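Quick notes on the structure that follows.
This one's a predicted model, so the numbers in the text were calculated from it and none came from an experiment. The chain is numbered in sequence order, starting from 1. Reckoned from all heavy atoms, side chains included, excluding hydrogens, waters and symmetry mates.
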Amino acid sequence: MTEASVREFKMPDVGEGLTEAEILKWYVQPGDTVTDGQVVCEVETAKAAVELPIPYDGVVRDLHFPEGTTVDVGTAIIAVDVGGGSAAPAAEQPAAGQPAAAAPAEEPKAAGSGRQPVLVGYGVATSSTRRRPRKGPEVPVQQASTAIQTELNGHAPAAPAAPPAAAPAAPADTERPLAKPPVRKLAKDLGVDLTTVIPTGPDGIITREDVHAAVAAAVPAATEPQVAPVPAAVQAPASYDTTRETRIPVKGVRKATAAAMVGSAFTAPHVTEFVTVDVTRTMKLVEELKADKEFTGLRVNPLLLIAKALLVAIRRNPDVNASWDEAAQEIVVKHYVNLGIAAATPRGLIVPNIKDAHAKTLPQLAESLGELVATARDGKTSPAAMQGGTVTITNVGVFGVDTGTPILNPGESAILAVGAIKPQPWVHKGKVKPRQVTTLALSFDHRLVDGELGSKVLADVAAILEQPKRLITWA
């Protein structure tokens, strides 16, 4: 076996502009024979869990990272000998939990840059390897980038003992700051000018931590609350029972969801309206559809008719199906509906969407909903299925909750929350009777949806669920 026969498979960008992924599980070990297209590992990105196939035949020489490690896109994760050799002897393997020695890159470095092109996606990655361990002590946000860089191969790289006190002077020309697309979007959402941000990433790249640090620095020190020291009498003793707490690393889907919700909550002015509605007739229609041969083998439930009611309401009030383009200062009205359905999964909340839901018949919509729920439950939702949504439904009623004030999915203008459906006393035909009742809540972006438009959409959904025959008369 020669070094020239070793091919390095790099972490690809399996989504749209993703920068890192966590290795969940290896399906091969050093010494195993692999073939072109064989799945070698499963990784979790900020959007979904994805299986990665190897693109060539050979024998696995080394796995560069253990399970549970978060790896940057473009970083080599597995070495394969494509010349028919065997795996490296055990003595040559790195200790568990340590990255492998650098092997020749599959692609040459960009001339004069010290960086190498990534396999899939955009931009370039540094030639050095950065990894984040599964567990470790908490690090302040401003120190996060430095802490990551000092974990190369288990020890600190050759670098100054302390970071520079200030960023190097800006060049005379108006050079565009270096930052990856997700970081640029974060800065845009938070109103941060990247030209004023001090970069701490390799090669002068601005990181997410740099953007958050710039936001924190913009707050005058005088406004920061003064915290009095904790008296010795109430400080935790040295023998404090640490088993009373569990720390869960924020990464993958949960990390992406947290960032998206913070960005949405503080960039789009939310307004939420509520309506309580008698859905007794809708519940009867659900039972009738279950017995209809057109729905044989399909899952029919109240969510199906609620989704259809929202689609009809959008057709009657199309301006609600829009997004806000901050850069162009334009409202973009969508002439299609990609209907998002919020789904709780073991990896966190995800919002896959049904493409072109507006064009589907009721049986087709039922089929799409069933597939969406099953795929999400199995943890196999693809990144593409969670992109391009225009409006969302979140069914909090399945948890017994009456209603809520949902936060908009980023890039969308409205989200409908559906509460629990349960019998309540209701005035029906002049008499108080037990009826099936639920509460709906519609949150919308007040920049492009005013109170009148939001009220019309919510009222239309309620009217259809109260009298489902409107699905026909309003179609």
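- Checked options T403, D402, T276; the residue passing with T439 is T276 (criterion: side-chain hydrogen bond (donor to acceptor under 3.5 Å, both in side chains)).
- For the atom pair CZ (R316) and CG (D460), the distance works out to 4.5 Å, reported to the nearest 0.5 Å.
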For this session: Tell me, with the steps shown, if N409 and I415 meet side chain to side chain contact (heavy atoms under 4.5 Å, CB included).
Result: CA-CA 7 Å; N409 205 29; I415 178 171; 5.7 Å; no
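- Minimum heavy-atom separation, I350 to M386: CB-SD, 3.6 Å.
- Between P199 and G204, the shortest heavy-atom contact is CB-O, 3.4 Å.
- A side-chain donor-acceptor contact under 3.5 Å links E67 to the backbone of W26.
- The shortest heavy-atom contact between A414 and V391 is O-CG2, 3.3 Å.
- Under a 3.5 Å cut-off, the side chain of T375 and the backbone N or O of K380 do not form any donor-acceptor pair.
- Side-chain contact between P434 and Q424: absent, with no pair of heavy atoms (C-beta onward) separated by less than 4.5 Å.
- Using a 4.5 Å cut-off on side-chain heavy atoms (C-beta onward), W426 and T280 make no contact.
- Judged purely by atom type and a 3.5 angstrom limit, Q329 uses its side chain to pair as donor or acceptor with the backbone of E326.
- Once rounded to the nearest 0.5 Å, the distance linking OG1 of T272 with CG of L442 reads 8.0 Å.
- With salt bridges taken as basic N to acidic carboxylate O contacts below 4.0 Å, one links E452 and K456.
- Formation of a donor-acceptor pair under 3.5 Å by the R470 side chain with backbone atoms of A463 is found in this model.
- In this structure, A322 and L448 approach most closely via the heavy-atom pair CB-CD1, 3.5 Å.
- Annotation: side chain of L305 is in contact with side chain of L471 (closest heavy-atom distance under 4.5 Å).
- Between the side chain of N321 and the backbone N or O of P318 there is no donor-acceptor pair closer than 3.5 Å.
- Under the 3.5 Å distance criterion, with hydrogens and angles disregarded, a donor-acceptor pair is assigned to the side chains of E412 and T392.
- Here the shortest heavy-atom pairing between A462 and V275 reads CB-CG1, 4.0 Å.
- The local environment of CZ in R299 is sparse, with at most 12 non-hydrogen atoms from other residues, nucleotides or ligands closer than 6.0 Å.
- Scanning for side-chain contact (heavy atoms from CB on, under 4.5 Å) contacts around A357 gives L311, L339, I354, L365, with sequence neighbours left out.
- Not a single donor-acceptor pair under 3.5 Å links the side chain of T35 to the backbone N or O of Q38.
- No donor-acceptor pair under 3.5 Å is formed between the side chain of H270 and the backbone N or O of S443.
- With contacts defined as side-chain heavy-atom distances shorter than 4.5 Å, the pair F295/L304 qualifies.
- Annotation: the span from M11 atom CE to T70 atom OG1 amounts to 8.5 Å, rounded to 0.5 Å.
- Side-chain contact check for L285 versus R281: every heavy-atom pair is 4.5 Å or farther apart.
- With L458 as reference, L416 is the one residue of L416, V277, N317 to meet the side-chain contact (heavy atoms from CB on, under 4.5 Å) rule.
- Judged purely by atom type and a 3.5 angstrom limit, H446 has no side-chain atom pairing as donor or acceptor with the backbone of P269.
- Of the inter-residue distances, the one linking L289 atom CG with D292 atom CG reads 6.5 Å to the nearest 0.5 angstrom.
- N338 places a side-chain N or O within 3.5 Å of a backbone atom of D356 that can act as its donor or acceptor partner.
- Across all their heavy atoms, G404 and F274 have their closest contact at O-CE2, 3.6 Å.
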For this session: Could you check V457 against F444 for side chain to side chain contact (heavy atoms under 4.5 Å, CB included), going step by step and ending with a plain yes or no?
Result: CA-CA 10 Å; V457 173; F444 48 87; over 6 Å; no
Exercise. Can V398 and L303 be said to form a side chain to side chain contact (heavy atoms under 4.5 Å, CB included), step by step?
Worked result: CA-CA 10 Å; V398 295; L303 180 61; over 6 Å; no
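- In this structure, CD1 in I78 is found 7.0 Å from SG in C41, a value given to the nearest 0.5 Å.
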For this session: Evaluate the criterion side chain to side chain contact (heavy atoms under 4.5 Å, CB included) for residue pair L298 and L369; output intermediate values, then yes/no.
Result: CA-CA 9 Å; L298 299 178; L369 275 172; over 6 Å; no
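- Annotation: side chain of T438 is in contact with side chain of L440 (closest heavy-atom distance under 4.5 Å).
- Rounding to the nearest 0.5 Å gives a distance of 4.0 Å between NE2 of H428 and CZ of R435.
- Side-chain atoms of S413 come within 3.5 Å of backbone atoms of V320 as a donor-acceptor pair (strictly under, hydrogens ignored).
- Ion pair K284/E287 not flagged as a salt bridge, since none of the NZ, NE, NH1 or NH2 atoms sits closer than 4.0 Å to an Asp/Glu carboxylate oxygen.
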Exercise. Please walk me through it: do T200 and D210 pass side-chain hydrogen bond (donor to acceptor under 3.5 Å, both in side chains)?
Worked result: CA-CA 7 Å; T200 63; D210 298 336; 2.6 Å; yes
